Colleague: 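Right, I'll just put the structure down here and ask away after.
Please read these numbers as outputs of a predicted model, since none were measured by experiment. Residue numbers start from 1 in every chain, and the chains themselves are labelled A, B, ... in the order their sequence lines are given, proteins ahead of strands.
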Amino acid sequence: MAKHHITTTINGEEAEYLCEPQETLLDVLRDQVGLTGTKEGCSSGDCGACSVMLDGRLVCSCLVLGVEAAGKAVETIEGMADGENLHPLQQKFLEEAALQCGFCTPGVLVAAKALLDTNNNPTETEVRYWLAGNLCRCTGYDKIIRAVMDTAADMRGA
Amino acid sequence: MVKVTLSSGTAQQFTNGVTEVNVEAKNVRQMFKALEADFPGLGEEIQTSMSVAIDGVILPDPFLEEVTEDSEIYVLPKIGGG
Amino acid sequence: MNEQPKQYKWVGTRAIRPDGVDKVTGRAMYGADLALPGMVEGKVVRSPHAHARIISIDTSKAEALKGVTAVITAADMPVADSKPVASGEAMINFKDLANNVLAREKALYEGQAVAAVAATTAAIAEKAAALVVVNYEVLPHVIDVMEAIKEDAPVLHDDMFTGGVKPKPEKASNVANRVEFALGDAEAGFAAADLVIERKFTTEPVHQGYIEPHAVVADMNPDGKVDVFCSSQGHFMVRAFCSQLLHIEMSKIKVTAAEIGGGFGGKTTVYLEPLAIMLSRKSGRPVRMTMSREEVFRGSGATSGAAMTIKMGATKDGKITGAYAELYLQAGAFPGSPVGPAAMTAFAPYDLDNVKVVGFDVVSNRQKVVAYRAPGAPISEYGVESVVDELASELGIDPIEIRTINAAKEGTQAAYGVKFGTIGFQETLDAAKATEHFKTPLGPNQGRGVASGFWFNIGGESCAGIRVNEDGSISLTEGSPDIGGSRASMALMAAETLGVDYHSIKPSVVDTDAIGYHFVTGGSRVTFATGMAVVEASKAAIDELRARAAKVWDVDVDGVVWEDGHAKPASTNVGDFEPMSLAEIAKVANKTGGPISGHADINAKGAGPAFGTHICDVEVDPDTGHVTVLRYTAVQDAGRAIHPAYVEGQIQGGAVQGIGWALNEEYIYDKNGRLENAGFLDYRVPVASDLPMIDAIIVEVPNPTHPFGVRGVGEVPIIPPLAAVSNAVAAATGVRFNQLPLSPPTILAGIAASK
Amino acid sequence: MRYEAPGSVDEAVKLLADANGAARVLAGGTDLLVQLRAGMISPEVVINIKDISETKGITADGGGFCIGATVSGAEMGEHAALVAAWPGVVEGVELIGSTQIQGRATMVGNLCNASPAADGVPALIAAGATCTVAGPNGQREVPVADIPTGPGKNSLANGEFIVNVKLPARPGNASDAYLRMIPRTEMDIAIVGAGVNLVLDDSGTCTEASVILGAVGPKTITVDAAAAALVGTKVDEAALAACAAAASAAATPIDDKRGTVVYRTKVSGVLASRAAAIAAERARS
């Protein structure tokens, strides 16, 4: 099994790794690149804990092969804050207690940011359906949905 | 004498169904001894695998507590939780 | 919403949690996030059969595979006695636990571990696991609780005789235990009733559904010392269980609590941890093990499916005169269903003179059940709250009113014996009744359901350390894995007690070498018990701070009081001293006797029972049976909400787990006893688009035994939703289903049958 | 396992043919990777067709549309003209999985995976779509209805893969709709699916109809009787009731972990008539 040498961009920086053809982008991010903020909850695309952006599209990194990232741009939770300045969503999640155990949080934040990047005035229903693929077992989603809506309102006001 | 109330299930096992038993004791450890003497196995069973509630407070590991004639003492299963 | 009472500066505020930034930036380390140099990956070989005798296990092919560092079976594990051993608060039969961790003679459920391998990569480990050859003799199996109690059912344990009955049965059976609680004379109660309703209910097995699969890294040194890093609800539990199972002294095992990605009771026992230690010992290298989602569903967690009969009688004016419950709960492969608490909580919200509850703990070929949020209570209270609802509607009494008529209050004796102290059940009913939600009219095909719930809450062992650093900041140590923001609550209580800025306190959940024993994070105990330890440790630190100020001032310590973070002279008689702040005292600590700290190691008593009342509106599509939850309000007595946002979060999250239990979650087995839906695709936990906002209303009737009045909040909110949803569906459809889950096919079939 | 990412149709065909059945095509990968991880398949080679220009993009094609095999559900949803012309086809594809899945999953993958419950398929068949199949003997046009042959099985021969799907041109007073029944609101596999495609004349009378059921047989069921119940009517209540009855009568479901025969039979009719009503409403406006 020859390993593939992949050159890609992760969180704006060029990155290289060796991976076997069957390894997923999730495996690669966690085990080769050391970015463990992206979580594995199911490995079947049903929980969204491994959400990342791939060339500007929200995807489950468990459903992308590591080799497919060649020449593409990957964005993970680790790239969401700007240095020590948290992204407004990250800040709002803290202020509004929109996380409990925090395990689904990276995936939820990446997904929510993808929504707000294209729609800064979503309805509650739009937020709920957009995030339907991000399972959270702790919060009942209430505070997550509110935090996303409130962040959008702040972004519109700014 | 202190009055100890058992659940009907525990009573069936150890006291022929009598749910209220009276023993001479000034504290819980004496109570266990007295219960064991009167109803072999009962004191041991309570100590190792049950809780005791004294005046409404559930104690998973009772031993040192004082008891009086006025104490309301109930024996119940241990409670954990998720 | 009650915000903080005036006298508190920090308690009752919505402070940002100290571990928050780590969690929103991906830095927080969960069970699977640690990688050690030289680490190998472990994998479990699991039984494909629901019930089978293990004839032989051939590990030679797996051992021969290049890259494999160790293969283990039950033969590598000490044999444990079949005797309950007190381990912390819980009674554990370590023979059962050992068999659950690694099957010895029989596999008792599909997914039970029978061997484990370690190899240099996960892929090789997986290959090696497939090379372990297990020769099984497949035996007849039984899953359903009522099937399992039948005379001719396959018996799981031929040495198990029903406990709790006299005389001891002569024949082994799957009924592990019988419990009974009674008060007064239930039959006399029914005789006095104008209306008696008796119904049978069933609930299906469900899983806690934490998003983080079980994960551990274990590293055993050649000198026998073990380091374990894992996600659990109690690293002291992990230490105790591994010590007992593997005969390793506790002092040699250090367990570090990883951040935990949800537990809900499902992480109050061990699965992978002892295997990882054994594999590490054999490999001579650190071993990481993680479960796949499928393994989580088949081989971990989960609670009972159940069958029950509930009978209640009431007078015309709604006074309940008699109550009877008969409960059958699946324990899974080994005894220990939550039938005890199910029986004790069943009628606990009500002030009843005549009540009897009988419960049966029944083994069957499923994974051994483990605690799930208020273990047992959602099941029994679902049945009871359904019958209360039916009594109300038959008698033409408002559902909140009938609960008010019968509500337990201070001095009420619960069926399980205890007389309640100060409780806030009526307050939750009043708050529910006062909501705009309860008064809002409904449309066609819509229905409203109300239900209440009770949970004991517990105390138990907790410890805390307050270290006053040289600059006046505070390092707070404790040992309760933080599953939903408890570090924030600990820091708030310490800040309030010490009178210092919340932000100057850094709380940490430290490892088992660094602090004393803690019972697990469970039973809604952490804010209560560990919080109590934190307050006591803070008070101990205050005593020391006062003593130091007294030395500086050269006065007697009794002449120094602590107010608002400062040492002050108790009166002008003591002398005219400028108050000294905590930071000022810390600065001179070395001159006054050395570092300053306070510690508390306690077994907390006096947990405060808690109640909740929920209101649920649904709309049912009469042609497809699909249920939409339109609106949901959850009221709960928290005693005191230390951090109201996380209290609301517990209430909202618990309510939604209960809604999932009511509507769509269930274990589905095929005819061979194999789980058909071991994934999030077909084990349907609620998703964001399934739900409305969950209005959480916190009622505060303080628990007099806690310094701030805390009762504990985590468990109650999962109890009422099962009946609240079911009662709402009954109101919307005119049909009472008396079974969960209320999946669309069930509802459509019920509607069709009623016509 | 090898990984290949050919840059041309011919190259892909050659790789597929050479592997002699031991190859799998990777488009969106949302089924393929799940099957790989679960050990359900262990191909010798995975062939990523996303670098082949013919598999990319949505192009207007003589009044219809040509949709590349690697076009994701999200891309389809973002294509305003496609959504306007074929709302039912697009909503079917968009029901496949979460937002994350939509970023990857393709309609063609859904078709080839041949699940009886595929959400992307009933409306596509109802639309009368065809697809371009490339293989060792060149390319051929095939009705999409002929691709799935049974659960998990399709009619593609060794060395073949689908390059694109073509949706035909259609008159103004025409539209389509797809509905499915799931226990939750998202993330589930359909218990029943129904796609309806309609053409109305200027008076609002239905002149052509197609009703396709999913998840109630080993493959989709084309219910001609349900379509006939709509044709010649103004898609009024009586016609919808007849459509429902015909759909329920045609359903041949099984009992499984997701639903019962009784349930699926009844709901087949409910969804067929509801989808027909929506399609008619769309066609009128």
Colleague: Counting only heavy atoms closer than 4.5 Å, note whether C:A645 contacts chain A via side chain, backbone, both or neither.
Modeller: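 When you check distances to chain A, atoms from both the backbone and side chain of C:A645 fall under 4.5 Å.
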
Colleague: If I measure from the heavy atoms of chain C, does A:Y129 come under 4.5 Å with its side chain, its backbone, both, or neither?
Modeller: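 Answer is both: backbone and side chain atoms of A:Y129 are under 4.5 Å from chain C.
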
Colleague: Which region of A:E40, side chain (C-beta onward) or backbone (N, CA, C, O), has a non-hydrogen atom less than 4.5 Å from a non-hydrogen atom of chain C, or is it both or neither?
Modeller: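 Just its backbone gets close to chain C.
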
Colleague: Please classify the contact between C:V687 and chain A as side chain, backbone, both or neither, with a heavy-atom cut-off of under 4.5 Å.
Modeller: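 Contact with chain A is through both the backbone and side chain of C:V687.
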
Colleague: Does C:E715 form a side-chain contact (heavy atoms from CB on, under 4.5 Å) with C:I719? I'd like the steps, not just the answer.
Modeller: CA-CA 7 Å; C:E715 323 229 24; C:I719 302 165; 5.6 Å; no

Colleague: What part of A:F103 gets closer than 4.5 Å to chain C, counting heavy atoms only: side chain, backbone, both or neither?
Modeller: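 Backbone plus side chain of A:F103, per the 4.5 Å heavy-atom cut-off to chain C.
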
Colleague: What are the two closest non-hydrogen atoms of C:D682 and C:N677, and how far apart are they?
Modeller: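 Heavy-atom minimum between the residues: O-ND2, 3.3 Å.
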
Colleague: Which atoms of C:R684 are under 4.5 Å from chain A, going by heavy atoms: the side chain, the backbone, both sets, or neither?
Modeller: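 C:R684 has no heavy atom closer than 4.5 Å to chain A.
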
Colleague: Checking C:A35 against chain A: side chain, backbone, both or neither under 4.5 Å from a heavy atom?
Modeller: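 No part of it gets close to chain A.
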
Colleague: Are the charged groups of A:R137 and C:E665 less than 4.0 angstrom apart, N to O?
Modeller: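 A salt bridge links A:R137 with C:E665.
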
Colleague: Is C:V21 in contact with chain A via its backbone, its side chain, both, or neither, using a 4.5 Å heavy-atom distance?
Modeller: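 Looking at C:V21, backbone and side chain both touch chain A.
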
Colleague: Check each atom of C:E212 against the heavy atoms of chain A and say whether the ones under 4.5 Å are side chain, backbone, both or neither.
Modeller: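 C:E212 touches chain A through backbone and side-chain heavy atoms alike.
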
Colleague: What residues form a salt bridge (Lys or Arg N to Asp or Glu O under 4.0 Å) with C:K43, not counting sequence neighbours?
Modeller: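 Here the qualifying residues are C:E295.
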
Colleague: Fit a plane to each ring of C:Y210 and C:H214, take the angle between them on a 0 to 90° scale, and name the class: parallel (under 30°), tilted (30 to 60°) or perpendicular (over 60°).
Modeller: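 C:Y210 and C:H214: perpendicular rings.
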
Colleague: Is it the backbone or the side chain of C:I260 that comes under 4.5 Å from a heavy atom of chain A, or both, or neither?
Modeller: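 When you check distances to chain A, only backbone atoms of C:I260 fall under 4.5 Å.
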
Colleague: Please look at A:T139 and chain C and tell me whether the side chain, the backbone, both or neither of the residue comes under 4.5 angstrom of a heavy atom of that chain.
Modeller: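 Backbone only.
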
Colleague: Are any of the side-chain nitrogens in C:R487 or C:D19 under 4.0 Å away from the carboxylate oxygens of its partner?
Modeller: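 A salt bridge links C:R487 with C:D19.
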
Colleague: Per the side chain to side chain contact (heavy atoms under 4.5 Å, CB included) rule, which among A:V110, A:L25, A:V52 passes with A:T76?
Modeller: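 Going through A:V110, A:L25, A:V52 one by one, the side chain to side chain contact (heavy atoms under 4.5 Å, CB included) with A:T76 is satisfied by A:V52 alone.
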
Colleague: At a heavy-atom separation under 4.5 Å, does A:L94 approach chain C through its side chain, its backbone, both, or neither?
Modeller: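 The answer is both parts of A:L94.
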
Colleague: To the nearest 0.5 angstrom, please state how far the CE atom of C:M289 sits from the SG atom of C:C230.
Modeller: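 These two atoms lie 12.5 Å from each other.
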
Colleague: Could you tell me which of A:L131, A:L135, A:T105, A:I144 has the largest number of non-hydrogen atom pairs under 4.5 Å with chain C?
Modeller: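 Most heavy-atom pairs under 4.5 Å with chain C: A:L135.
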
Colleague: Can a donor-acceptor pair be found between the side chains of A:D27 and A:T24 at a distance below 3.5 Å?
Modeller: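 Yes - a donor-acceptor pair under 3.5 Å links their side chains.
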
Colleague: Give the member of A:Q100, A:M80, A:Q90, A:E23 that has the highest number of heavy-atom pairs under 4.5 Å with chain C.
Modeller: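 That would be A:Q100.
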
Colleague: For C:T25, is it the side chain, the backbone, both, or neither that has a heavy atom closer than 4.5 Å to a heavy atom of chain A?
Modeller: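 Backbone plus side chain of C:T25, per the 4.5 Å heavy-atom cut-off to chain A.
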
Colleague: With chain C as the partner, which of A:G37, A:A132, A:P106 has the greatest number of non-hydrogen pairs under 4.5 Å?
Modeller: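 Result: the option with the highest number of such pairs is A:A132.
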
Colleague: Any idea how C:F297 and C:Y683 line up, ring-wise: parallel (<30°), tilted (30 to 60°), or perpendicular (>60°)?
Modeller: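 Aromatic pair C:F297/C:Y683 classed tilted.
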
Colleague: Output the option from A:E95, A:E96, A:K39 having the highest count of non-hydrogen pairs under 4.5 Å with chain C.
Modeller: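 So the answer, after comparing A:E95, A:E96, A:K39, is A:K39.
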
Colleague: What part of A:L109 lies closer than 4.5 angstrom to a heavy atom of chain C: side chain, backbone, both or neither?
Modeller: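 The answer is the side chain of A:L109.
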
Colleague: Any Lys/Arg nitrogen of A:R30 or C:D33 sitting under 4.0 Å from an Asp/Glu carboxylate oxygen of the other?
Modeller: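 Answer for the salt bridge query: yes.
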
Colleague: Non-hydrogen atoms of chain A under 4.5 Å away: do they reach the side chain of C:Q650, the backbone, both or neither?
Modeller: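 C:Q650 touches chain A through backbone and side-chain heavy atoms alike.
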
Colleague: Sort A:N134 into side chain, backbone, both or neither according to what part of it lies under 4.5 angstrom from a heavy atom of chain C.
Modeller: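 Answer is neither: A:N134 stays 4.5 Å or more from chain C.
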
Colleague: Looking at SG of A:C138 and CD1 of C:I483, how far apart are the two atoms once the value is rounded to the nearest 0.5 Å?
Modeller: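 With rounding to 0.5 Å, SG (A:C138) is 7.0 Å from CD1 (C:I483).
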
Colleague: Charged N to carboxylate O below 4.0 Å: is that the case for C:K23 and C:D482?
Modeller: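 Looking at C:D482 together with C:K23, the answer is no, because their closest N to O distance does not fall below 4.0 Å.
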
Colleague: With chain C, which of A:R128, A:H87, A:K143, A:E124 has the greatest number of heavy-atom pairs at distances under 4.5 Å?
Modeller: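 Winner by heavy-atom pair count: A:R128.
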
Colleague: Please state whether the side chain, the backbone, both or neither of C:R27 comes within less than 4.5 Å of a heavy atom of chain A.
Modeller: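 Answer is neither: C:R27 stays 4.5 Å or more from chain A.
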
